Structure formats: C-alpha cells, structure tokens
Amino acid sequence: MIKIGDIEKFSIVDWPNKIAAVVFMQGCPWRCPFCYNQSLQNINTESNASWENLLHLLEHRQGIVDGVVFSGGEPLLQKNLPPAMETVKNMGFEIGMHTGGYNPEALKKVLPYLSWVGFDIKAPFEAERYKTATGGIADIERVKESLSLLLNSGINFECRTTCDPRILSPKDIYEIADTLSTLGVKEYHIQKYRPIESDKTTTDSDCEQFFNVEIEAYLKKKFEIFDARK
Ligand code: SF4
C-alpha cells in the first residue's frame with residue numbers, strides 16, 4: 001500500500017497537544033541541506049517497517065494514541081496515501097501529516113482525511129532561495145499553491161522553519177513571517193538547527209542567532225500562536 005521507513009509507536013512531540021503514533025514514509029523528492037532523515041530520502045531504500053506492521057501495531061494502539069501522523073520523507077510522494085489514510089481513519093484514529101507541500105494535487109486528495117498539518121517553510125518565498133534550501137529542486141509556485149489549499153480548507157495547521165544558518169539569516173525569518181502573516185497564517189514556529197553529522201563548521205552560536213528577544217517579540221505580534229523551539 002505505502003512504503004514506510006520507520007514507525008514510532010508513541011510520540012508527544014510530533015502533533016501538538018496530541019499523543020500520536022508516527023509513520024515515517026520512505027522517499028522525498030527534495031534534498032534539504034539540513035535534513036535529519038537522509039535515510040528516508042531514497043524511496044527505493046528497503047526497511048524493516050511495512051504497511052502490515054503499521055496495521056498490526058494500530059490494532060493495539062486504540063485508546064492509547066489519539067492519532068497517527070504521516071511524516072517523512074515526504075508523504076505526498078506516495079500515490080496510495082489517500083487509501084492508507086482512509087484505512088487508518090476508519091480504525092478510529094485522527095490523521096495528521098508533516099509536509100513541505102511539494103505536490104498540491106496530492107495534497108488536495110488527502111484533505112478530507114486530515115485533522116492537522118505541520119507545514120515546513122524552507123526559505124523566503126523566492127524561487128531561487130527555495131530551490132537552494134531544498135537541494136535545487138523545489139518549485140515555489142507549487143508550495144504556494146499547497147499553502148493556499150490549506151488556508152482555504154479550514155484544517156488546523158502550523159507553519160515552521162528550521163533555522164539553518166548556512167541558508168538562512170535572521171532577516172529571512174522576518175521576511176518569511178511577513179509573507180505568512182499577510183497570507184493569513186495564524187501559527188508559526190522557528191526550530192533550532194542542530195548540525196547534521198556532515199556539517200563540521202556550524203557552531204552553536206551560529207544556530208542561536210535566530211533566538212533572541214527581538215525576533216521572538218516580532219513573531220509573537222505577527223501570529224496568534226508562536227513558539228521558539230530550541
Ligand atoms: S523535505 Fe524533509 S525529508 Fe525531504 S529532504 Fe527536506 S528535510 Fe529531508
């Protein structure tokens with residue numbers, strides 16, 4: 001049905017205020033330089049987790065977790081995502097999803113099943129900047145279309161940005177915040193980048209520069225819900 005890289009049975013951090021199981025979908029079309037899940041990027045990589053494992057696990061999770069988050073990788077890459085979500089929903093679980101919004105057509109098909117979305121914003125909304133932040137791949141117009149679908153859906157969602165100092169500056173966070181709040185986004189979070197194994201040059205103070213009183217006060221004013229996630 002779907003290609004799964006890994007399954008987390010119990011999480012309190014992947015869906016705010018919910019206890020969830022998390023399905024890490026195998027495969028992502030992007031190559032963000034700060035990716036923490038590089039082993040999930042190639043859709044052809046084999047794993048020990050399967051759709052059957054997930055169903056078996058969920059049969060024993062009723063009443064223990066509120067919902068299931070489809071994470072990644074990029075869930076929208078897989079064509080069987082709508083029936084997979086439908087099956088899990090019919091088992092009595094709420095459905096959440098983490099996405100970069102790379103495919104608005106695929107997003108449209110899963111909107112009926114979703115209760116919540118965590119939407120990654122990689123960079124300011126400029127074609128070249130977005131491409132750089134995704135390894136030269138993303139099409140910003142398609143990301144914008146996905147965000148607009150979410151805004152018009154009435155589904156609860158957050159936007160969030162991983163503040164990698166190699167591709168973003170504090171000035172970019174102001175720019176992203178202005179764009180999102182103008183579009184009508186109500187919830188935005190900034191997440192601290194923790195250098196991935198291959199990054200030997202970024203220091204902790206480089207990563208900390210996004211977390212100061214001025215930026216946080218600005219973001220608190222712009223959004224109804226804001227967190228600095230360190
Ligand atoms: S979109 Fe997510 S999974 Fe895909 S490369 Fe970027 S950080 Fe990694």
Side-chain angles (χ1 to χ4, degrees), residues 2-8 11 13-16 20-47 49 68-81 84-85 96-107 110 114 116-147 149-150 157-168 172-173 176 180 185 188-199 202 206-207 210 229-230:
I2 48 174
K3 278 209 80 180
I4 296 174
D6 202 359
I7 301 168
E8 173 72 54
S11 166
V13 295
D14 287 276
W15 184 343
V22 186
V23 192
F24 295 95
M25 311 279 283
Q26 190 68 45
C28 182
W30 293 350
R31 295 292 178 267
C32 310
F34 50 84
C35 182
Y36 295 111
N37 292 325
Q38 289 180 13
S39 61
L40 295 171
Q41 288 175 346
N42 184 344
I43 198 164
N44 295 317
T45 302
E46 291 303 324
S47 85
V68 176
V69 177
F70 288 77
S71 184
E74 170 53 73
L76 296 177
L77 188 60
Q78 299 202 27
K79 68 175 188 324
N80 283 331
L81 187 62
M85 285 185 170
M97 180 173 73
H98 297 166
T99 182
Y102 102 103
N103 185 336
E105 294 81 17
L107 175 62
V110 295
L114 291 169
W116 176 81
V117 174
F119 195 97
D120 292 327
I121 303 293
K122 308 289 186 183
F125 280 11
E126 295 157 28
E128 281 315 307
R129 296 294 308 277
Y130 228 85
K131 261 201 196 320
T132 304
T134 55
I137 302 166
D139 176 346
I140 185 59
E141 293 309 318
R142 291 177 61 70
V143 173
K144 283 199 229 169
E145 209 178 319
S146 291
L147 185 55
L149 279 172
L150 263 186
F157 74 98
E158 67 174 35
C159 290
R160 66 276 183 97
T161 298
T162 299
C163 301
D164 181 343
R166 297 170 303 168
I167 53 172
L168 294 175
D172 293 326
I173 299 301
I176 292 170
L180 294 181
V185 171
Y188 180 58
H189 308 289
I190 51 172
Q191 305 177 154
K192 186 173 172 182
Y193 165 70
R194 286 170 211 291
I196 55 169
E197 219 180 313
S198 60
D199 177 5
T202 304
D206 294 335
C207 301
F210 299 88
R229 295 176 175 164
K230 296 169 81 178

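Values reported hereafter were calculated over all heavy atoms of this structure, with side chains retained and with hydrogens, waters and symmetry mates removed. Whatever order the structure lists them in is the order used to number ligands and atoms, beginning at 1. It should be emphasised that the depicted structure is a prediction, and the values quoted were computed from it without experimental measurement.
- Remark: Lys192 pairs with Asp204, Glu208 by the salt bridge (charged side-chain N to carboxylate O under 4.0 Å, His left out) rule, at least two apart or across chains.
- Panel note: side chain Gln78, backbone Lys3; a donor-acceptor pair is recorded below 3.5 Å.
- Ion pair Lys144/Glu141 flagged as a salt bridge, since at least one NZ, NE, NH1 or NH2 atom sits closer than 4.0 Å to an Asp/Glu carboxylate oxygen.
- Scanning the protein heavy atoms around atom 2 (Fe) of ligand 1, the nearest turns out to be Lys122 NZ, 3.9 Å.
- The closest approach between a heavy atom of His98 and any atom of ligand 1 is not below 4.0 Å.
- If you count the protein N, O or S atoms nearer to atom 8 (Fe) of ligand 1 than 2.8 Å, you get 1.
- Of the possible donor and acceptor atoms, none in the side chain of Lys122 sits under 3.5 Å from a partner among the backbone N and O of Thr132.
- By the side-chain hydrogen bond (donor to acceptor under 3.5 Å, both in side chains) test, Gln26 is found to be paired with no residue, residues two or more places apart in sequence or in another chain being considered.
- No side-chain heavy atom of Ile167 sits less than 4.5 Å from a side-chain heavy atom of Tyr193.
- In terms of the salt bridge (charged side-chain N to carboxylate O under 4.0 Å, His left out) criterion, Glu126 has no residue partners (sequence neighbours excluded).
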